[in-house]
Amino acid sequence: MKILTHRILIAVVCLSALFLGCIEEENHKIELPIDTPEEAIEYAKTNNTTKEWIDAYSKLGYEIIENVSVDNQSIWYVQFEVMTPMESRTYIIIKMHSNGTILSGWGGSI
């Protein structure tokens, strides 16, 4: 009886994780390949580092602007920049392939 209860518990946990994963995927689904600047921005925002960076500056009340470019090899460059009244501006750039592979990310001040 103990083994059966244990197996049922494992099945419930696995099914719950699968169900929650489906919900998460539905909420943030980006069709690949990335074809538009809007898709590139949304996909870049799914990166945990980028998400945390945007959240941190947004909570401080800063406006974040978005710039996007693509090269002739379908490599997208998505830049998020903090708008401040100071001379220097903080930014983060995500470089990714149109198939969703994030190639690199870096940041700094302008």
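From a predicted model like this one, the values you see are computed outputs, not experimental measurements. Throughout, residue positions are numbered sequentially from 1 according to the sequence presented.
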Decide whether L32 and I94 are clustered together by the hydrophobic rule: side chain heavy atoms of Ile, Leu, Val, Met, Phe, Trp, Tyr closer than 4.5 Å, transitively.
yes
Partners passing side-chain hydrogen bond (donor to acceptor under 3.5 Å, both in side chains) against S98 (at least two apart in sequence or in another chain):
none
Heavy-atom pair of closest approach, residues A44 and T50
O-CB, 3.4 Å
Are L60 and M83 linked, directly or through intermediate hydrophobic residues, by side-chain heavy-atom contacts shorter than 4.5 Å (ILVMFWY only)?
no
Distance (rounded to the nearest 0.5 Å) between I102 CD1 and K95 NZ
13.0 Å
Could you state the interatomic distance from OG1 (T46) to CD1 (I41), rounded to the nearest 0.5 Å?
12.5 Å
Could you list the residues that satisfy side-chain hydrogen bond (donor to acceptor under 3.5 Å, both in side chains) with S104, not counting sequence neighbours?
none
For E42, check side-chain hydrogen bond (donor to acceptor under 3.5 Å, both in side chains) against everything at least two apart and list the hits.
none
Side-chain polar contacts of residues 68-77 - donor-acceptor pairs under 3.5 angstrom, sequence neighbours left out - could you list them?
from: D71; atom 1: OD1; to: Q73; atom 2: N; distance (Å): 2.9
from: D71; atom 1: OD1; to: S74; atom 2: N; distance (Å): 3.4
from: D71; atom 1: OD1; to: I75; atom 2: N; distance (Å): 2.9
from: W76; atom 1: NE1; to: I34; atom 2: O; distance (Å): 3.3

Could you list all the ring pair (Phe, Tyr, Trp, His ring centres under 6.0 Å) pairs where at least one residue sits in residues 35-73, not counting sequence neighbours?
W53-Y57
Measure the spacing between OG1 of T49 and CD1 of I54 and express it to the nearest 0.5 Å.
11.0 Å
Between CG of N47 and CD of E52, what distance do you get to the nearest 0.5 Å?
9.0 Å
Mind checking whether I92 and I65 sit in one hydrophobic cluster, side chains of I, L, V, M, F, W, Y counted as touching below 4.5 Å?
no
List for me each residue that meets salt bridge (Lys or Arg N to Asp or Glu O under 4.0 Å) alongside E66, sequence neighbours excluded, and say none if there are none.
K45
